[in-house]
Amino acid sequence: MSPSHPERVRFAPSPTGFFHVGSARTILYNWLLARQSNGAMLLRIDDTDTERNREEWVDGIYRAIRWLGLDWDEGPVRQSTRIDHYQAIAFDLFERGLAYWCDCTRETLDARKPPGTPPGYDGFCRDRKLSQGPGRALRFRVREGEIVVNDLIRSQVIFPAGAVEDFVILKSSLAPLYVLANVIDDIDFSITTVLRAEEHLPTTPKAVLLHEALGGPLPRFGHLPVLVNEQRRKLSKRRDRVAVEDYRQLGYLPEPMINYLALLGWNPGDDREFFTLDELIHAFSLERVGHSPAYFDEQRLLHFNKTYIASLSAQEFARIARPFVDPMMTGSTDGDERLAQILPEVQTRIGTLSELPAMIGFLFHFSPDYDELADRLRAGDDHYLKAVADVLAVTDPFDSPTIETSLRTAAEELGTSLRKLQAPVRIAITGAPIGPPLFHSMAILGRDECLRRIQALLEALHQRTPAPEPPLP
RNA sequence: GGCCCCAUCGUCUAGAGGCCUAGGACACCACCCUCUCAAGGUGGAGACACGGGUUCGAAUCCCGUUGGGGCUGCCA
């Protein structure tokens with residue numbers, strides 16, 4: 001299913017914010033196309049808008065790409081270093097009569113048009129033969145006739161004559177606009193396929209026009225469906241959690257992120273749902289990219305993350321867990337040993353790495369609010385706790401199976417179930433009603449510490465002043 | 001408003017005229033397993049937006065309606 005000819009694709013983000021999950025999907029698909037065709041992907045930084053760009057965002061782009069496990073073959077090309085070149089070509093377009101200078105401002109344009117008229121340029125300066133000068137922008141003279149875009153994903157899209165207005169290619173500051181710089185670079189770097197988000201579809205006819213004017217073969221265009229939020233609106237930096245960096249910090253891993261993103265808009269045609277990057281290279285095809293907007297479902301991402309974590313070897317899991325558990329282990333003497341013992345027990349219990357501290361922190365530091373813990377206990381639990389303390393004192397060896405046997409026997413003698421007996425013990429030992437396997441945790445902590453924690457809860461229970469009787473009316 | 005895109009379970013989707021009593025996955029519910037919670041196993045509920053065509057036959061093709069989205073900037 002892979003293309004027979006090497007594709008030259010490009011990924012061209014603008015550094016105006018955090019690297020977006022939508023961008024991550026776009027670069028993935030481009031990268032896949034390049035890899036499966038033995039082609040190349042160019043990384044281009046579209047930083048022509050000096051007002052909005054920040055250098056830290058550029059670094060963020062590099063970081064995110066590497067974190068995802070992707071790379072690029074050429075570049076990065078900074079458009080900001082090629083301004084002169086774009087200007088020269090724009091001036092040439094003017095010389096050839098394909099562009100003209102315009103001094104209309106938003107205000108003069110609006111003033112000219114009857115109220116309620118839809119936005120858009122009216123071609124006022126088309127034949128005024130203005131020369132270059134302060135306050136004058138260069139507009140492209142859009143030709144007559146419809147413009148056809150053959151989209152790889154949507155097939156033929158026709159823009160009727162008159163649907164495209166004369167658009168600005170050089171600001172009055174002489175800074176080039178994105179359509180111009182894009183087309184010039186796509187030509188200069190022999191891009192064969194432009195694969196980008198659907199929001200660019202309406203500007204594609206402008207690119208086609210520019211290509212016509214500048215010559216050279218037209219690249220193939222493909223427009224990916226947009227990613228939307230719960231309200232079905234395009235994912236927005238303001239409203240939604242979209243930064244790849246955020247997901248990294250939350251303990252999501254690159255492999256499941258890639259896996260999930262690949263499936264957001266594309267599917268293999270069968271029921272397969274787990275893919276490595278390498279498998280994606282072979283399986284991916286533009287033909288199987290969907291047409292409709294896709295909801296970025298964090299729950300499903302979580303499922304992929306969780307499944308991936310569970311599939312890791314103990315060594316791999318320990319390695320990636322490290323940065324998330326290190327902070328809570330400071331000051332703990334045999335922390336490494338305890339960590340090594342508990343990690344296999346929690347590997348199938350977490351969705352993201354950031355859940356780790358809350359789940360196993362009790363093994364390293366324990367200073368609960370005993371009043372709160374006491375609140376969680378039920379009537380009679382103090383008897384259970386005492387009985388368990390007695391049993392634990394003579395449990396030998398103090399390992400998980402033996403502890404279990406001891407408590408099982410104790411439960412029988414108390415006429416209760418292990419389920420009920422372990423509940424208050426779990427509260428005493430871990431501080432929470434749910435968590436990793438209790439007996440294993442107890443073995444890790446050791447007899448003394450377990451008894452100390454049970455005693456502490458018992459004392460807290462006894463020291464509580466009984467709730468005053470409600471006054472009788 | 002104009003131009004453009006899109007339309008199958010809540011979500012991601014399979015489906016390219018009969019294989020559809022519409023399949024899978026996430027989430028949800030129940031049961032099993034079980035020291036809690038997970039994991040795992042079994043089962044369940046849940047969709048072709050609507051209306052016209054075309055056809056022996058339509059989720060699949062055409063038209064319209066409705067709905068959603070994108071763009072409409074001297075941003076990208």
Side-chain angles (χ1 to χ4, degrees), chain A residues 12-16 46-49 51-53 79 102 104-106 116-121 135-139 149 151 153-154 157-160 162-165 167-179 181-182 196-205 223 225-226 228 230-234 260 263-274 288 290-304 306-307 310 345-351 359 400 403-404 407-408 411 417-423 425-427 430 432-440:
Chain A
S14 66
T16 53
D46 282 10
D47 55 355
T48 49
D49 185 358
E51 299 288 306
R52 304 200 315 153
N53 298 323
Q79 287 195 325
C102 166
C104 298
T105 61
R106 185 99 204 170
T117 309
Y121 185 63
R136 292 177 182 176
L138 191 61
R139 283 184 187 272
V149 174
D151 193 273
I153 292 166
R154 285 151 222 286
V157 182
I158 298 168
F159 296 83
V164 181
E165 65 192 45
F167 53 96
V168 174
I169 54 176
L170 237 42
K171 301 188 199 180
S172 51
S173 67
L174 298 187
L177 269 311
Y178 121 101
V179 239
N182 257 295
R196 43 153 43 166
E198 189 193 329
E199 62 211 69
H200 294 279
L201 187 51
T203 68
T204 307
H223 290 91
V226 290
V228 299
E230 235 165 337
Q231 289 80 46
R232 294 256 130 207
R233 312 280 309 220
K234 186 172 77 164
Y260 174 63
L263 260 14
L264 249 197
W266 169 85
N267 77 82
D270 54 33
D271 290 339
R272 282 196 77 188
E273 55 168 344
F274 295 109
R288 298 204 62 86
H291 296 187
S292 36
Y295 168 55
F296 187 85
D297 187 356
E298 246 180 86
Q299 257 183 159
R300 195 163 155 82
L301 205 214
L302 187 65
H303 167 251
F304 279 101
K306 184 169 190 149
T307 307
E345 301 296 334
V346 295
Q347 202 173 336
T348 59
R349 289 179 164 80
I350 54 166
M359 187 169 287
S400 179
I403 294 170
E404 175 171 351
L407 293 217
R408 210 174 274 284
S417 62
L418 184 59
R419 180 188 183 86
K420 282 179 180 149
L421 184 62
Q422 63 87 39
V425 182
R426 179 179 294 280
I427 299 284
T430 73
I434 60 170
L438 179 61
F439 309 140
H440 201 100

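Sequence lines set the chain letters: A, B, ... in the order given, protein chains first and strands last, and positions in each chain run from 1.
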Trainee: Can you sort out the partners of A/R272 under side chain to side chain contact (heavy atoms under 4.5 Å, CB included), two or more places apart, ordered by chain and number?
Mentor: A/P268, A/D270, A/F275, A/E279

Trainee: Do A/R196 and A/T204 come close enough that some side-chain heavy atom pair is under 4.5 Å?
Mentor: yes

Trainee: Of the nucleotides B/C37, B/C71, B/C35, which has the atom closest to the A/K234 side chain?
Mentor: B/C71

Trainee: Indicate yes or no for a side-chain donor-acceptor contact from A/R233 to the backbone of A/V228 under 3.5 Å, with no hydrogens or angles considered.
Mentor: no

Trainee: Does A/R288 get its side chain close enough to the base of B/U13, under 3.5 Å, for a donor-acceptor pair?
Mentor: no

Trainee: When you compare the protein's N or O atoms with those of nucleotides 18-21 of chain B, which come within less than 3.5 Å of each other, and at what distance?
Mentor:
none

Trainee: Between A/Y260 and A/F296, how do the two ring planes meet: parallel, tilted or perpendicular, split at 30° and 60°?
Mentor: perpendicular

Trainee: Report which part of the nucleic acid A/G265 touches: base, sugar-phosphate, or nothing (heavy-atom distance under 4.0 Å, all strands).
Mentor: sugar-phosphate

Trainee: Using the C1' atoms only, state how far B/C50 lies from B/G68, rounded to an integer number of Å.
Mentor: 15 Å

Trainee: Mind checking whether A/R300 and A/L264 have side chains closer than 4.5 Å, heavy atoms only?
Mentor: no

Trainee: Classify the ring geometry of A/F274 against A/H303: parallel below 30°, tilted from 30° to 60°, perpendicular beyond 60°.
Mentor: tilted

Trainee: For nucleotides 74-76 of chain B, list the nitrogen or oxygen atoms of the protein found under 3.5 Å from its nitrogen or oxygen atoms, one pair per line.
Mentor:
from	atom 1	to	atom 2	distance (Å)
B/C74	O2	A/S172	N	2.8
B/C74	O2	A/S172	OG	3.0
B/C74	N3	A/S172	OG	3.1
B/C74	N4	A/C104	O	3.3
B/C75	OP2	A/K171	NZ	2.7
B/C75	O2'	A/D49	OD2	2.5
B/C75	O2'	A/R52	NE	3.1
B/C75	O2'	A/R52	NH2	3.2
B/C75	O2	A/R52	NH2	2.9
B/A76	OP1	A/T48	OG1	2.6
B/A76	OP2	A/Y178	N	2.8
B/A76	O3'	A/D46	OD2	3.4
B/A76	O2'	A/S14	OG	3.0

Trainee: Taking pairing as Watson-Crick or G-U wobble with both contacts under 3.5 Å, can you name the mate of B/G57, or confirm there isn't one?
Mentor: none

Trainee: Taking B/A22 as the reference, what is the distance to B/A45 when you measure between their C1' atoms (whole Å, please)?
Mentor: 16 Å

Trainee: Could you write nucleotides 23-34 of chain B as a row of B, S and -, 5' to 3', where a protein heavy atom under 4.0 Å of any base atom gives B, of only sugar-phosphate atoms gives S, and otherwise -?
Mentor: -SBSS-------

Trainee: Both distances under 3.5 Å, Watson-Crick or G-U wobble: report the partner of B/A49, or none.
Mentor: B/U65

Trainee: Which base sits across from B/C20 as a Watson-Crick or G-U pair, both distances under 3.5 Å?
Mentor: none

Trainee: Sticking with atom P, work out how far B/C28 lies from B/A38, rounded to a whole angstrom.
Mentor: 9 Å

Trainee: In whole angstrom, what separates A/I403's CD1 from B/C35's C1'?
Mentor: 12 Å

Trainee: Classify A/Y295 by what it touches in the nucleic acid, base, sugar-phosphate, or nothing, heavy-atom distance under 4.0 Å.
Mentor: sugar-phosphate

Trainee: Distances under 3.5 Å between protein N/O atoms and the N/O atoms of nucleotides 1-6 of chain B, please, pair by pair.
Mentor:
from	atom 1	to	atom 2	distance (Å)
B/C5	O2'	A/R154	NH1	2.7
B/C5	O2'	A/E198	OE2	3.1

Trainee: Distance-only, no hydrogens or angles: does the A/T430 side chain make a donor-acceptor pair with backbone N or O of A/I427 under 3.5 Å?
Mentor: no

Trainee: Using OP1 and OP2 only, check whether a side-chain N or O of A/N267 sits under 4.0 Å from B/A14.
Mentor: yes

Trainee: Is the shortest heavy-atom distance from the side chain of A/H223 to the side chain of A/E199 under 4.5 Å?
Mentor: no

Trainee: Counting the atoms with a prime plus P, OP1 and OP2 as sugar-phosphate, which does A/L438 contact under 4.0 Å by heavy atoms, base, sugar-phosphate, or nothing?
Mentor: base

Trainee: Sticking with atom C1', work out how far B/U13 lies from B/A30, rounded to a whole angstrom.
Mentor: 26 Å

Trainee: Check whether A/Y295 reaches the backbone of A/Q231 with its side chain - one donor and one acceptor, N or O, closer than 3.5 Å.
Mentor: no

Trainee: Nearest whole angstrom, please: distance from the C1' of B/A49 to the CZ of A/R232.
Mentor: 14 Å

Trainee: When all nucleic acid strands are considered with a 4.0 Å heavy-atom cut-off, which category describes A/A294: base, sugar-phosphate, or nothing?
Mentor: sugar-phosphate

Trainee: Please determine if A/R139 forms a cation-pi arrangement with A/F167, meaning its NZ or CZ atom is less than 6.0 Å from the six-membered ring centre and no more than 45° off the ring axis.
Mentor: no

Trainee: May I ask which nucleotide in the shown strands pairs with B/C37, Watson-Crick or G-U wobble, both distances under 3.5 Å?
Mentor: none

Trainee: Say you pick atom C1' in B/G53 and the same atom in B/U60; how far apart are they, in whole Å?
Mentor: 15 Å

Trainee: So, does A/N53 use its side chain to make a donor-acceptor pair with the main chain of A/D47 at under 3.5 Å?
Mentor: yes

Trainee: Name all residues meeting the side chain to side chain contact (heavy atoms under 4.5 Å, CB included) criterion together with A/S400; count only those two or more places apart in sequence or in a different chain, and write none if there are none.
Mentor: A/F439, A/H440

Trainee: Between B/C48 and B/A58, how far apart are the two C1' atoms, rounded to whole Å?
Mentor: 11 Å

Trainee: Could you say whether A/P437 or A/Y260 is positioned toward the 5' end of RNA chain B, judged by the nucleotide with the nearest heavy atom to each?
Mentor: A/Y260

Trainee: Return whichever of A/P225 or A/G120 has its heavy-atom-nearest nucleotide of RNA chain B closer to the 5' end.
Mentor: A/P225

Trainee: I'd like the P distance from B/C5 over to B/C61, given in whole Å.
Mentor: 16 Å

Trainee: With a 4.5 Å heavy-atom cut-off, do A/L177 and A/I169 have their side chains touching?
Mentor: no

Trainee: For B/C26, give the paired nucleotide (Watson-Crick: N1-N3 plus N6-O4 or O6-N4; G-U: N1-O2 and O6-N3; both under 3.5 Å), or none.
Mentor: B/G10

Trainee: A/K306 NZ to B/C37 P: how many Å, rounded?
Mentor: 13 Å

Trainee: Side-chain donor-acceptor pair under 3.5 Å between A/Y178 and A/S14, yes or no?
Mentor: no

Trainee: Are a donor atom and an acceptor atom from the side chains of A/S417 and A/R408 found within less than 3.5 Å of each other?
Mentor: no

Trainee: For the P atoms, the ones on B/C29 and on B/U66, what distance do you get once it is rounded to whole angstrom?
Mentor: 39 Å

Trainee: Looking only at atom types and distance, does a side-chain atom of A/R288 sit under 3.5 Å from a main-chain N or O of A/N267, one as donor and one as acceptor?
Mentor: yes

Trainee: Could you tell me the separation between the CZ atom of A/F167 and the C1' atom of B/C71, rounded to a whole number of Å?
Mentor: 15 Å

